[in-house]
**Student:** 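After the structure tokens below, expect a handful of questions from me.
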Protein chains: 2
Amino acid sequence: MTLQERIRSDIEERIRSGALRPGDRIPFEHELVTQYGCARATVSKALERLVHAGLIERRRKAGSFVAQPKVHAAVLEVPDLAQLIEARGEAYGWELDTCRVVNRDPDIEVSGIPAPALLIEGVHFAGGQPFAMERRLIALDTVPVPRADTFETEAPGSWLLHHVPWTDARHRIRAVPAGRALTQRLKLEPHAACLQVERWTWRTGRAVTFVRQTFPGDRYDLVAEFTPGG
Amino acid sequence: MTLQERIRSDIEERIRSGALRPGDRIPFEHELVTQYGCARATVSKALERLVHAGLIERRRKAGSFVAQPKVHAAVLEVPDLAQLIEARGEAYGWELDTCRVVNRDPDIEVSGIPAPALLIEGVHFAGGQPFAMERRLIALDTVPVPRADTFETEAPGSWLLHHVPWTDARHRIRAVPAGRALTQRLKLEPHAACLQVERWTWRTGRAVTFVRQTFPGDRYDLVAEFTPGG
DNA sequence: AAGTGGTCTAGACCACATA
DNA sequence: ATGTGGTCTAGACCACTTC
């Protein structure tokens with residue numbers, strides 16, 4: 001264990017145990033320098049990591065303080081569907097319904113994807129059962145045009161991941177009742193509760209793709225773990 | 001703008017523009033030292049920030065490389081309900097239904113909260129309309145017992161936030177149909193699609209609280225923004 | 001074997017917030 | 001006005017990994 005790591009873990013332990021509470025001041029850098037008999041840069045690096053972990057805040061002239069935990073942020077896992085399903089030990093499948101260029105589409109208006117766009121619709125399968133319905137728009141001015149039969153066998157999400165690096169993404173998650181198409185395609189009761197994940201993806205300010213995935217409420221849930229400093 | 005900030009933004013710009021693609025090697029530290037005419041620590045700090053941002057990876061002897069973007073992680077905002085609602089310009093309200101000590105409860109089994117626990121049920125209001133239903137267990141062996149009337153006026157979430165710092169949390173998000181209690185209390189159609197957020201919170205390995213919040217699907221959705229490199 | 005990034009030292013100057 | 005953290009220098013040694 002390095003020295004800066006020891007300093008960091010010493011302080012982290014005092015915070016996690018409750019000996020230091022939110023708002024408390026931790027020792028000044030020069031005090032830690034004396035205490036550990038090291039250079040100031042070493043102390044500073046240890047404290048920097050605690051800042052990065054969200055455990056402390058530092059203020060010039062005032063010192064460093066234990067941060068208030070922020071309950072409202074969590075790391076949400078939105079795994080690649082194929083990976084997720086195969087990790088469960090089930091067979092993953094993809095079935096293409098629609099793949100055509102569109103100039104007008106209800107989602108073009110709301111998604112910010114410019115026309116003309118490639119519209120793709122299909123269903124993800126887990127263990128032979130329909131698992132999620134997907135509707136996607138791909139910006140044709142930004143993405144290199146795939147071969148006509150690309151999405152017959154490969155889900156567009158994985159293809160894009162390997163061909164178009166993204167730089168920004170935005171997610172929206174909500175509950176919706178199953179509409180008619182969903183009811184038929186996923187074999188649900190009418191108006192069954194579904195989890196809908198919408199994702200916008202950009203690359204250097206240019207919209208790349210918009211996707212809406214809808215999961216039956218009883219077949220999928222999102223789990224997020226969070227540790228302030230984990 | 002500091003020097004390390006300039007180095008960082010120069011490289012970040014080359015990555016975001018696509019000039020440097022995932023897997024590409026970025027200049028060695030000593031090359032950047034020559035290029036910018038600065039100390040190695042300055043270059044190192046700039047690269048460290050890019051690592052922290054998830055934009056690059058560094059390997060001894062090999063160099064530093066542009067990281068593969070990871071689509072599967074996003075920062076999920078789960079704002080404090082009172083703050084969220086007031087930020088919308090609506091009046092926030094809390095109405096307590098139940099507040100009692102329980103030794104047996106269906107959620108005690110699944111939540112990991114040890115008996116005896118404080119069971120709290122109530123409804124959050126936005127602009128006079130019911131906005132979310134909440135069911136919560138609080139571990140009485142870990143949390144200082146609140147006054148009997150504490151939760152008459154203050155939602156337990158905000159009270160806990162200010163009285164019991166947490167160290168770990170886990171979220172689960174799914175879509176559920178509205179049950180009978182929900183239908184009545186939130187004035188919904190039967191079986192309306194609802195977004196259900198469950199949150200477990202621990203402090204130093206000890207369970208603090210478990211809460212299940214249920215939102216009508218048409219009144220709330222979660223939005224998550226993510227940039228690989230913040 | 002050689003060269004990389006990781007860690008560390010012992011200084012320095014400065015901007016800034018607070019007292 | 002003072003003292004803090006923020007930035008920076010010009011070195012050094014080391015562990016690791018790939019060549």
Side-chain angles (χ1 to χ4, degrees), chain A residues 1-15 19-70 228-230, chain B residues 1-15 19-70 228-230:
Chain A
M1 180 181 280
T2 64
L3 179 52
Q4 65 173 269
E5 190 63 18
R6 215 183 87 216
I7 299 173
R8 188 200 57 73
S9 71
D10 282 357
I11 296 171
E12 177 164 346
E13 171 51 29
R14 285 206 279 162
I15 294 173
L20 286 170
R21 302 179 60 84
D24 288 354
R25 215 203 70 227
I26 70 171
F28 292 123
E29 289 193 357
H30 67 80
E31 292 173 328
L32 292 168
V33 163
T34 307
Q35 184 180 332
Y36 287 93
C38 66
R40 189 179 146 220
T42 305
V43 164
S44 180
K45 213 157 188 178
L47 297 188
E48 217 162 81
R49 296 199 172 185
L50 290 169
V51 169
H52 168 221
L55 280 177
I56 67 169
E57 288 168 5
R58 312 179 74 185
R59 294 204 305 273
R60 276 190 173 101
K61 170 71 182 174
S64 300
F65 300 83
V66 179
Q68 297 288 340
K70 292 167 190 163
Chain B
M1 182 182 278
T2 64
L3 179 52
Q4 64 174 269
E5 191 62 19
R6 216 183 88 215
I7 299 173
R8 188 202 56 74
S9 71
D10 282 357
I11 297 171
E12 178 164 344
E13 172 51 28
R14 287 206 277 163
I15 294 174
L20 287 169
R21 301 181 62 83
D24 288 355
R25 215 204 69 227
I26 70 170
F28 294 123
E29 289 193 357
H30 66 81
E31 292 174 328
L32 292 168
V33 163
T34 307
Q35 183 180 332
Y36 288 94
C38 65
R40 192 180 143 219
T42 306
V43 164
S44 180
K45 212 158 190 180
L47 297 188
E48 217 163 80
R49 297 201 169 182
L50 290 169
V51 169
H52 166 222
L55 279 176
I56 68 169
E57 287 167 5
R58 311 178 75 183
R59 293 205 305 276
R60 276 188 172 101
K61 171 70 182 175
S64 301
F65 300 84
V66 179
Q68 297 289 339
K70 291 165 191 162

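Every chain is numbered from 1 and lettered A, B, ... according to where its sequence line falls, protein lines coming before strand lines. Any value given below was found using the heavy atoms of this structure, including those in side chains, with hydrogens, waters and symmetry copies removed.
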**Student:** Can you find a donor-acceptor N/O pair under 3.5 angstrom joining the side chain of B:R59 to the base of C:dG6?
**Tutor:**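 There is none.
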**Student:** Nearest to the side chain of B:A41, which nucleotide is it out of D:dT9, C:dG5, D:dG5?
**Tutor:**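 When the side chain of B:A41 is considered, D:dT9 is the closest of D:dT9, C:dG5, D:dG5.
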**Student:** So, is A:S44 near the phosphate of D:dG6, with a side-chain N or O under 4.0 Å from OP1 or OP2?
**Tutor:**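 Checking D:dG6 against A:S44, no side-chain N or O comes under 4.0 Å of OP1 or OP2.
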**Student:** Could you work out which one of D:dG5, C:dT7, D:dC8 sits closest to the side chain of B:Q4?
**Tutor:** D:dC8
**Student:** Give, for atom CZ of A:R14 and atom CD1 of A:I11, the distance between the pair rounded to the nearest 0.5 Å.
**Tutor:** 6.5 Å
**Student:** Tell me what A:R8 touches on the nucleic acid: a base, only sugar-phosphate, or nothing, going by heavy atoms under 4.0 Å.
**Tutor:** nothing
**Student:** Show the numbers, then the answer: is there a salt bridge (Lys or Arg N to Asp or Glu O under 4.0 Å) between B:E5 and B:R49?
**Tutor:** CA-CA 9 Å; B:E5 191 62 19; B:R49 297 201 169 182; 3.6 Å; yes
**Student:** Which part of the nucleic acid, if any, lies within reach of B:R6 when heavy atoms closer than 4.0 Å are counted: base, sugar-phosphate only, or nothing?
**Tutor:** nothing
**Student:** CG/B:L3 to NZ/B:K45 distance, rounded to the nearest 0.5 angstrom?
**Tutor:**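 Taking CG in B:L3 and NZ in B:K45, the distance rounds to 12.0 Å.
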**Student:** Atom CG of B:L3 to atom P of C:dA12: distance rounded to whole Å?
**Tutor:** 21 Å
**Student:** In Å, rounded to the nearest 0.5 Å, how long is the span from OG of A:S9 to CD of A:E13?
**Tutor:**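 Result: 8.5 Å between the selected atoms.
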**Student:** Given that A:G37 and B:I26 both sit by DNA chain C, which one's nearest nucleotide is further toward the 5' end?
**Tutor:** B:I26
**Student:** Mind calculating the distance between CG (B:L50) and C1' (C:dG5) to the nearest angstrom?
**Tutor:** 15 Å
**Student:** Nearest to the side chain of B:K45 - C:dC8, D:dT7, C:dT18?
**Tutor:**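 Between C:dC8, D:dT7, C:dT18, the one nearest the side chain of B:K45 would be D:dT7.
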**Student:** With respect to the side chain of A:T2, which nucleotide from C:dT7, D:dC16, D:dG5 is positioned closest?
**Tutor:** C:dT7
**Student:** Starting at CE of A:M1 and ending at P of C:dG6, how long is that distance when rounded to a whole Å?
**Tutor:**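 In whole Å, C:dG6 P lies 18 Å from A:M1 CE.
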**Student:** Answer with yes or no whether A:K61 presents, from its side chain, a donor or acceptor under 3.5 Å of a partner atom in the base of D:dT2.
**Tutor:** yes
**Student:** Supply the atom-to-atom distance B:I26 CD1 to B:L20 CG, rounded to the nearest 0.5 angstrom.
**Tutor:**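 Rounded to the nearest 0.5 Å, the CD1-CG separation comes to 7.5 Å.
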**Student:** In whole Å, I'd like the distance from the CD atom of A:E57 to the C1' atom of D:dT4.
**Tutor:**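 The answer, rounded to whole Å, is 16 Å.
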**Student:** Which one, D:dT4, D:dC16, C:dT18, comes nearest to the side chain of A:F28?
**Tutor:**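 Ranking D:dT4, D:dC16, C:dT18 by closest atom to the A:F28 side chain puts D:dT4 first.
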**Student:** What's the closest nucleotide to the B:T42 side chain, out of D:dT9, C:dG5, C:dA17?
**Tutor:**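 For B:T42, the side-chain atoms sit closest to D:dT9.
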**Student:** Below 4.0 angstrom from OP1 or OP2 of C:dG6, is there any side-chain N or O of B:R58?
**Tutor:**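 Yes, B:R58 has a side-chain N/O under 4.0 Å of OP1/OP2 on C:dG6.
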**Student:** Of all the choices, C:dT9, D:dT7, C:dT7, which nucleotide is nearest to the side chain of A:C38 once you look at every atom?
**Tutor:** C:dT9
**Student:** Could you check how far CZ of B:R40 sits from C1' of D:dT7, rounded to whole Å?
**Tutor:** 17 Å
**Student:** Taking OP1 and OP2 of C:dT4, is either one under 4.0 Å from a side-chain nitrogen or oxygen of B:R25?
**Tutor:**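 No.
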**Student:** Taking any heavy-atom pair under 4.0 Å as a contact, classify A:L47: base, sugar-phosphate, or nothing.
**Tutor:**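 Counting heavy atoms under 4.0 Å across all strands, no contact is made by A:L47.
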**Student:** When rounded to the nearest 0.5 angstrom, what distance separates CD1 in B:I7 from SG in B:C38?
**Tutor:**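 One gets 4.0 Å once the value is rounded to the nearest 0.5 Å.
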**Student:** Answer yes or no: does a side-chain N or O of B:H30 lie under 4.0 Å from OP1 or OP2 of C:dG3?
**Tutor:**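 For C:dG3, neither OP1 nor OP2 has a side-chain N or O of B:H30 closer than 4.0 Å.
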